[in-house]
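Taking it in order: structure first as structure tokens, then the write-up.
Residue numbers begin at 1 in each chain, while the letters A, B, ... track the order of the sequences. Basis for what follows: all heavy atoms, side chains included, without hydrogens, waters or symmetry-related copies.
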2 protein chains.
Amino acid sequence: MPAPERTSLPQIVAAATALLEASGVEALTMQAVAAEVGVRAPSLYKRVRGRDALLALVAEGIARELGATLELAAGGAETGRRRLVALANAVREFARERPEAYSLLFARLPDAARPDPAVLAGSVAVVLRVAADAVGPERALDAARLLTAWVHGFVSMELADRFRMGDELDRAFAFGADRLADALGLE
Amino acid sequence: MPAPERTSLPQIVAAATALLEASGVEALTMQAVAAEVGVRAPSLYKRVRGRDALLALVAEGIARELGATLELAAGGAETGRRRLVALANAVREFARERPEAYSLLFARLPDAARPDPAVLAGSVAVVLRVAADAVGPERALDAARLLTAWVHGFVSMELADRFRMGDELDRAFAFGADRLADALGLE
DNA sequence: ACCTGAACACCGTTCAAGT
DNA sequence: ACCTGAACACCGTTCAAGT
């Protein structure tokens, strides 16, 4: 005798994402997710292999959202330099608005919790495209890496509160973006 | 009737650090630490407030070691530019040799697990000093932030295995360091 | 076919009881 | 004064039993 489906994978991933963003990754427990979707924890294992696999699905959703946000930001800028700065600002804004989500994206996690590399690659494709447009195809990869590493480093240190260097972070970020654009030879 | 002391705080912190580096932060459990020092888990609470406080002590020790490593690296270089490059390389080597330790240093943790800010500041002081020496006092802070953010971003993405861009990471790192030195106006 | 309670092996932490 | 077993409130996960 079949039993009715009381939830679904998308509903589970949505509930898990909401828990993550509201209360951090340690609040994303199987029991909390189950309660959120109106089911008991063991039932979740019908839709997802385990907590790590759920974390990976959550991370993939976040990566897609970040990618879409970056596409939007890049689309609104005219010159190559402005597009790079717009990307940097968009990443920082995303991380400040959704710190737990952003942190999950770059967290060191067990292999089972790794998001699909193809999804991650898709989200970063904008950066590579904009970089190619700004500095030319043969220097695009280096430029994208330099920019990405700096933005991520700045943002992750800001989130971890490791700067402890006063409140002029906005200015420091703008300074860094300008200097990097100079270093990449953008007009 | 007094009972003999079977362990000590330094021994506990050392055991915790060893567990972290060997098997990751999730292996650093109170029970595992206790077993390592020959005691039962509840006894640890005589020396440390809880697991988070222990994590903070571990992080402080690691921060001191990183600081000492950076001092050494900076001391061996002649020009300002070479000192900055030496610092960047030293951070990357430290992170590659002791990934779990490095990750803990910049991890987002509960407040109770935050290392003493003064200890962290002491470990980063080298970077600020070298930056001041290289680009002058008024641009030192910006330069230190730019360099630190880039190095940390590069290294943390390398550790998280998020680059997925082939194997030329050494070259990419050297490229980034050179470009940043250019951007900071170093000869 | 899905859902559940019960169970297992873990956690961190508290505390009364031992020495 | 320190150490311990037992206990409590959690985890993730498995599985036989229900419908």
Side-chain angles (χ1 to χ4, degrees), chain A residues 1-59 100 104 107-115, chain B residues 1-59 100 104 107-115:
Chain A
M1 288 294 114
E5 303 190 3
R6 298 193 196 167
T7 184
S8 66
L9 184 55
Q11 206 186 343
I12 289 168
V13 174
T17 305
L19 279 167
L20 168 75
E21 304 208 4
S23 314
V25 69
E26 79 282 358
L28 198 169
T29 70
M30 296 301 268
Q31 308 191 17
V33 171
E36 212 71 36
V37 301
V39 105
R40 298 289 186 169
S43 300
L44 298 179
Y45 292 80
K46 284 283 155 182
R47 330 256 178 200
V48 83
R49 194 181 293 273
R51 184 177 183 262
D52 282 345
L54 180 52
L55 278 176
L57 292 175
V58 169
E100 301 292 346
L104 180 68
R108 298 185 72 227
L109 293 171
D111 286 359
R114 293 270 172 95
Chain B
M1 286 295 115
E5 302 191 2
R6 298 192 196 166
T7 184
S8 65
L9 184 56
Q11 205 186 343
I12 289 167
V13 175
T17 306
L19 279 166
L20 168 76
E21 304 206 5
S23 314
V25 68
E26 80 282 359
L28 198 169
T29 70
M30 296 303 267
Q31 308 192 16
V33 172
E36 212 71 36
V37 302
V39 104
R40 298 290 186 168
S43 299
L44 297 179
Y45 292 80
K46 286 281 155 182
R47 330 255 179 202
V48 82
R49 193 182 294 274
R51 184 178 183 261
D52 282 344
L54 180 53
L55 278 176
L57 293 175
V58 170
E100 300 292 344
L104 180 67
R108 298 184 72 225
L109 294 170
D111 286 359
R114 291 271 172 94

Residue B:Lys46, side-chain atoms from C-beta onward, closest of D:dC3, C:dC2, D:dG12: D:dC3

A:Ala3 side-chain proximity, nearest of C:dA1, C:dG5, D:dT13: C:dA1

Protein-nucleotide distance (A:Ile12, atom CD1; D:dG12, atom C1'), rounded to Å: 15 Å

Under-4.0 Å side-chain N/O to phosphate OP1/OP2 contact, A:Arg51 with D:dC11: no

A:Arg47 and A:Glu5 ion-paired at < 4.0 Å: yes

N/O (side chain, B:Gln31) to phosphate O (OP1/OP2, C:dC11) under 4.0 Å: yes

Partner of B:Ile12 under side chain to side chain contact (heavy atoms under 4.5 Å, CB included), chosen from B:Leu57, B:Val33, B:Thr17: B:Val33

Side-chain (B:Arg51) to main-chain (B:Leu28) donor-acceptor, under 3.5 angstrom: yes

Sugar-phosphate, base or nothing in reach of A:Thr29, heavy atoms under 4.0 Å: sugar-phosphate

Interatomic distance, B:Glu26 CD vs C:dG12 P [rounded to whole Å]: 12 Å

Of the listed nucleotides C:dC3, D:dC2, D:dG12, the one nearest the side chain of A:Ser43: C:dC3

Nucleotide D:dC2, atom P - distance to CG of B:Leu9 in whole Å: 13 Å

Pair partner, C:dC8 [Watson-Crick or wobble, under 3.5 Å]: D:dG12

d(CZ, B:Arg47; C1', D:dC2) in whole Å: 7 Å

Among C:dC15, C:dC3, D:dT14, the nucleotide that comes nearest once only the side chain of B:Pro42 is considered: C:dC15

Nucleotide C:dC15, atom C1' - distance to CG of B:Leu44 in whole Å: 16 Å

Nearest-0.5 Å distance that lies between atom CG in A:Leu104 and atom CG in A:Leu109: 6.0 Å

Nearest-0.5 Å distance that lies between atom CD in B:Glu26 and atom CG in B:Leu20: 9.0 Å

Whole angstrom value for the distance that separates P of C:dG12 from CG of B:Leu28: 9 Å

Sugar-phosphate, base or nothing in reach of A:Arg49, heavy atoms under 4.0 Å: nothing

Atom pair distance, as rounded to whole Å: CD in B:Gln11 and P in D:dC3: 11 Å

B:Arg40 vs C:dT14: side-chain N/O to OP1/OP2 distance below 4.0 Å: no

B:Leu19 CG to B:Thr29 OG1 distance, which is reported to the nearest 0.5 Å: 7.0 Å

C:dT19 - base-pair partner by Watson-Crick or wobble geometry, distances under 3.5 Å: D:dA1

Closest to side chain of B:Val39, choosing from C:dG12, D:dC3, D:dC15: D:dC3

Atom-to-atom span, CG of B:Leu19 to P of C:dC11 - whole angstrom: 11 Å

Nearest-nucleotide pick for B:Tyr45, side chain only, options being D:dA1, D:dG12, C:dT13: C:dT13

Nucleotide of D:dC3, D:dG12, C:dT4 approaching B:Arg6 most closely (side-chain heavy atoms): D:dC3

